[in-house]
Q: 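One structure coming up, written as structure tokens, with questions to follow.
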There are 2 protein chains.
Amino acid sequence: MTQLKPFHHGDLKRVLFDVALARLDEHGAGGVTIRAVAKAAGVSHGAPVNHYKDRRALLTAIAKAQFDALLTEIDSRLEELGEDCEPRIEIVASAMMDFGFRYPHRYRLLWSADLIDHTDAELLSVMDRIYDRLCTEFSKAVPGRKFDKDTYAVALWSMVHGYVDMRLSGMFEPLNDSISGAPRGEAIIDMFKGFLA
Amino acid sequence: MTQLKPFHHGDLKRVLFDVALARLDEHGAGGVTIRAVAKAAGVSHGAPVNHYKDRRALLTAIAKAQFDALLTEIDSRLEELGEDCEPRIEIVASAMMDFGFRYPHRYRLLWSADLIDHTDAELLSVMDRIYDRLCTEFSKAVPGRKFDKDTYAVALWSMVHGYVDMRLSGMFEPLNDSISGAPRGEAIIDMFKGFLA
DNA sequence: GCTCTATATAGACACTGTCAATATAATGTC
DNA sequence: GACATTATATTGACAGTGTCTATATAGAGC
């Protein structure tokens with residue numbers, strides 16, 4: 001029998017994660033404090049340490065889950081598209097962009113070196129897999145070019161990341177006008193694609 | 001006569017700025033606390049409020065100064081080069097990149113929406129002037145192209161910013177191997193230039 | 001001399017992360 | 001069953017933080 005308020009929560013790790021993610025979306029990473037999360041989860045401020053050793057570990061876990069979700073989304077879109085070579089690079093790029101504009105605080109967290117641990121092995125692993133998707137598409141799309149596929153992949157990912165990051169800082173144009181920040185975002189991806197054609 | 005420790009510091013605003021900048025370079029933005037800066041400046045923790053109304057204002061002032069310095073550097077390099085059209089875009093891009101790799105914490109601060117005020121009029125003004133430099137070069141370099149100069153400017157700035165930002169997160173390759181992060185950075189700029197040729 | 005303003009101090013408040021000591025629940029072992 | 005061990009949660013403390021208040025002093029204007 002589960003009591004109304006058992007001493008052992010049972011699923012606290014998951015609840016802490018969910019609460020932290022909700023607070024991230026609503027208040028930004030600054031709103032994800034150990035004490036606020038614990039309070040929202042209905043436990044004392046000392047409870048979370050049993051599941052996340054410190055705030056950094058909690059935020060890193062959230063970041064990792066976001067990269068996982070992004071990779072899943074990319075693979076899902078790629079699979080849906082089949083092996084038509086040409087538009088596949090756009091798919092990877094626009095999936096990243098869509099994610100950034102849909103979840104600005106989550107996206108910002110992914111690149112906050114002061115908040116998460118960018119040397120975490122699992123985090124690096126999923127980032128590498130995303131990077132591999134880009135490289136794979138480029139090695140198919142531009143076989144005999146001046147620069148190697150890594151340069152193309154780095155350039156495109158950099159461009160997409162830089163665009164999202166600067167837009168989230170209010171640069172170029174306000175975010176409100178379109179949820180996906182599409183017009184200019186699509187334009188620069190088109191431009192990049194055009195360069196390869 | 002200046003006493004050894006006069007009540008009125010006389011130049012506290014400047015000292016606070018300098019101390020804060022030094023702490024930023026050494027410890028990152030997290031090390032720039034009002035109390036630590038006040039202590040290093042030899043005043044009480046309540047003194048800074050007379051010169052910077054809160055921590056955000058202090059960090060925003062520092063950010064503004066960095067953009068000013070970057071613009072000055074860009075203009076200096078452009079002037080040195082003369083009106084040869086072709087390599088001027090590279091100059092703007094590499095000046096940004098050099099700044100980012102030389103002063104990682106300063107660069108990171110420029111895009112920390114939670115730490116500085118990106119609606120500050122003076123800040124926006126100097127950012128606009130940097131953006132204008134890019135646009136000017138593109139309007140000279142690519143007169144009759146498929147995309148307007150803003151798209152090129154946004155794309156290049158995004159690419160450069162994204163590359164620096166991700167490298168500062170440890171992405172792609174370690175920062176240690178070269179202070180300027182040059183090889184891949186030069187490659188992606190070359191690639192962009194090549195697209196326009 | 002005086003007043004007014006700018007500037008600095010000191011203390012308080014409500015937060016924060018993290019650690020240590022303690023208490024309780026759950027699990028494994030006999 | 002009883003007992004020891006481990007996992008989990010509570011509570012309190014500590015050193016920080018930004019920011020607000022009340023207070024004190026310096027300097028400038030008259």
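Only heavy atoms go into these numbers, but all of them, side chains included; no hydrogens, no water, no symmetry mates. Per chain, numbering begins at 1; letters A, B, ... match sequence-line order.
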Q: Starting at atom CG of Asp54(B), determine the distance to atom C1' of dT19(D), rounded to an integer number of angstrom.
A: 9 Å
Q: Taking atom P of dT16(C) as reference, at what distance in whole Å does atom CG of Leu58(A) sit?
A: 14 Å
Q: Ring-plane angle category for Phe101(A) and Tyr163(A), please: parallel below 30°, perpendicular beyond 60°, tilted otherwise.
A: perpendicular
Q: Measure from CG on Leu16(B) to P on dG18(D) and round the result to the nearest Å.
A: 13 Å
Q: Can you tell me the distance, in whole Å, between the NZ atom of Lys39(B) and the P atom of dG16(D)?
A: 7 Å
Q: Using the side-chain heavy atoms of Ile34(A), tell me which of these nucleotides is nearest: dT10(D), dT18(C), dT19(D).
A: dT18(C)
Q: Using a 4.0 Å heavy-atom cut-off across all strands, classify Thr33(A) as base, sugar-phosphate, or nothing.
A: sugar-phosphate
Q: Can you see whether Asp150(A) engages Tyr131(A) through a side-chain donor-acceptor pair at a distance of less than 3.5 angstrom?
A: yes
Q: Could one point to a donor on the side chain of Arg35(B) or the base of dG18(D) with an acceptor on the other under 3.5 Å away?
A: yes
Q: Mind checking His51(A) for me? I need base, sugar-phosphate or nothing, with any heavy atom below 4.0 Å counting as a touch.
A: sugar-phosphate
Q: Quiz question: going by heavy-atom distance under 3.5 Å, is there a donor-acceptor pair between the base of dT19(D) and the side chain of Arg56(B)?
A: no
Q: Tell me: CG of Leu115(B) to P of dG18(D), nearest whole Å?
A: 11 Å
Q: Do His45(B) side-chain and dG11(C) base share a donor-acceptor contact under 3.5 Å?
A: yes
Q: Hey, does Arg77(B) have a side-chain heavy atom less than 4.5 Å from the side chain of Ser94(B)?
A: yes
Q: Between Lys53(A) (NZ) and dA20(C) (P), how many Å, whole number?
A: 15 Å
Q: Would you kindly compare Ala36(A) and Val49(A) by the position of their nearest DNA chain C nucleotide and give the one closer to the 5′ end?
A: Ala36(A)
Q: In whole angstroms, how far is the P atom of dC15(C) from the CZ atom of Arg23(A)?
A: 12 Å
Q: Would you indicate whether the side-chain heavy atoms of His161(A) and Trp111(A) approach each other to under 4.5 Å?
A: yes
Q: Can you find a donor-acceptor N/O pair under 3.5 angstrom joining the side chain of Asn50(B) to the base of dA6(C)?
A: no
Q: Rounded to whole Å, please give me the gap between CG in Leu12(A) and P in dA25(C).
A: 16 Å
Q: When you measure from the side chain of Ser139(B) to the backbone of Cys135(B), do you find a donor-acceptor pair of N or O atoms at a distance under 3.5 Å?
A: yes
Q: For Arg55(A), answer base if it contacts any base atom (sugar-phosphate contacts may also be present), sugar-phosphate if it contacts only those atoms, and nothing otherwise; contact means non-hydrogen atoms under 4.0 Å.
A: sugar-phosphate
